[in-house]
Amino acid sequence: MTDLTDQVAIVTGASRGIGKAIALLLALQGAKVVAVARSEDELLELGQKTQGLCIVADVSDEADAKLVVAETLSRYGRLDILVCNAGVGSFNELEQFDAAEWDRIFDTNVKGTFLLCKAAVPHFKAQKKGHIVGITSDVAKRTFAHGTAYGASKFAQDAVLASLRKEVRPHGIKVSTIYPGLVDTYFNDTTPGSVENEKTHLRPADIAQAVRYVLEAPTHVVVDELMLHPLTQEW
Ligand code: NJP
């Protein structure tokens, strides 16, 4: 089993929802967590709990992505784990869908994952080890009505990670992809915590436990893919 104590982990989209739960759980396991998002106040509050670094950054901006990795290396001298979790989505009929909204979704979900991986991989290669975990979605494996932009972005994010997995495996670098079903978060401007959602949604902590599971796999094991659904969600 891989011990997470003192492992240096960047978690994007850590200001709330799934990313926050991942950051808290990794910190609890003794990892040094670098929390990344655009909301400074939420990050600072989280930083008090994780005792780690917080970096206000937009994952869709290449300069920001480079800065996140540079600041992590400057503070800790090492990077072991990158969790690409930041993501956005919205849903509508294709002819109603705004082109600028399409760009926002692709810039965050696809380009954001690409840019963070691009910044981190050279360091993982130099260390001959590293672990990238991508939080995609079950909709990376099936299509659904009103999901053209989000669904396509998750298929694309999944392809980036799957292709990268083959590229970096010879360098000792692992890439794990997690495919959640419905999770009770602030995603798409929803409000978590309702009694109804308790029955129909996974909790952010469930996804955090899945991330912990893939990260704790023994050195010779890589969990390529892991899909989770609430028991009530038909798949
Ligand atoms: O959503 P939410 P989730 N640069 O809205 C950050 C996937 N997923 O936790 O920047 C940097 O509570 C944002 O922070 P801020 C989903 O596709 C979800 O559910 O401060 N960060 C916040 O911390 C996504 O990939 C469900 O606004 C950016 C976080 O992202 C991941 O799970 C189902 C950013 C979003 O928190 C986490 O989403 C599924 C940027 N440009 C997959 N833009 C589900 N909830 O049901 C956003 O299958 N963030």
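Every number for a ligand or one of its atoms is a count from 1 in the order of the listing.
If you check each of Asn197, Ile18, Asn188 against atom 32 (O) of ligand 1, the one with the closest non-hydrogen atom is Ile18. Closest heavy-atom approach to atom 45 (N) of ligand 1 within the set Leu46, Val68, Thr185: this belongs to Thr185. Here atom 6 (C) of ligand 1 lies nearest to Gly13 when heavy atoms of Ser153, Ala140, Gly13 are compared. When the options Ile22, Thr136, Asn85 are ranked by their closest heavy atom to atom 25 (O) of ligand 1, first place goes to Asn85.
Residues Thr113 and Gln157 have side chains that bring a donor and an acceptor to within less than 3.5 angstrom of each other. Side-chain contact annotation: Asp3 with Thr5, donor-acceptor N/O pair under 3.5 Å present. Using a 3.5 Å distance cut-off with no hydrogens or angles, the side chains of Asp80 and His131 do not pair a donor with an acceptor. Judged purely by distance below 3.5 Å, without hydrogens or angles, the side chains of Arg165 and Ser176 never pair a donor atom with an acceptor atom.
Residue Ile135 touches ligand 1 through backbone and side chain together, judged by heavy-atom distances below 4.0 Å. The proximity of Tyr179 to ligand 1, defined as any non-hydrogen pair under 4.0 Å, does not occur for either the backbone or the side chain. Residue contacts with ligand 1, taken as heavy atom pairs separated by less than 4.0 Å, do not involve Glu42 at all. When heavy-atom distances to ligand 1 are checked against a 4.0 Å cut-off, Ala57 comes that close only through its backbone atoms N, CA, C and O.
Under a 4.0 angstrom heavy-atom cut-off, Gly181 registers as being in contact with ligand 1. Ligand 1 has Pro180 within reach: a non-hydrogen atom of the residue lies less than 4.0 Å from it. No heavy atom of Lys20 sits closer than 4.0 Å to any atom of ligand 1.
From the protein, the heavy atom lying nearest to atom 12 (O) of ligand 1 is Tyr186 N, 3.2 Å. Protein heavy atom closest to atom 20 (O) of ligand 1, with residue, atom name and distance, is Ser39 OG, 2.4 Å. Atom 14 (O) of ligand 1 has as its closest protein heavy atom Ser15 OG, 2.9 Å.
Those atoms of ligand 1 with a heavy atom of Leu182 less than 4.0 angstrom away are 46 (O). Near Phe187, the atoms of ligand 1 lying under 4.0 angstrom from a non-hydrogen atom of the residue are 1 (O), 2 (P), 5 (O), 12 (O), 16 (C), 17 (O), 19 (O), 45 (N). Residue Gly87 approaches ligand 1 through these ligand atoms, each under 4.0 Å from one of its heavy atoms: 24 (C), 25 (O), 30 (O), 35 (C).
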Residue pair Val59, Thr108: steps toward the side-chain contact (heavy atoms from CB on, under 4.5 Å) verdict: CA-CA 6 Å; Val59 295; Thr108 311; 4.1 Å; yes
Worked verdict on Ser90 versus Glu101 for side-chain hydrogen bond (donor to acceptor under 3.5 Å, both in side chains): CA-CA 8 Å; Ser90 59; Glu101 179 64 353; 2.5 Å; yes
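Taking 4.5 Å as the limit, every side-chain heavy atom of Asp107 sits out of range of all side-chain heavy atoms of Arg104. Between Lys32 and Gln7, every side-chain heavy-atom pair lies at or beyond the 4.5 Å cut-off.
For Tyr150 and Phe187, the ring centers sit closer than 6.0 Å to each other.
Summarising the local packing, CZ of Phe91 is surrounded by more than 12 heavy atoms from other residues, nucleotides or ligands at distances under 6.0 Å.
Electrostatic pairing of Glu62 and Lys118 counts as a salt bridge here, judged by a charged N lying under 4.0 Å from a carboxylate O.
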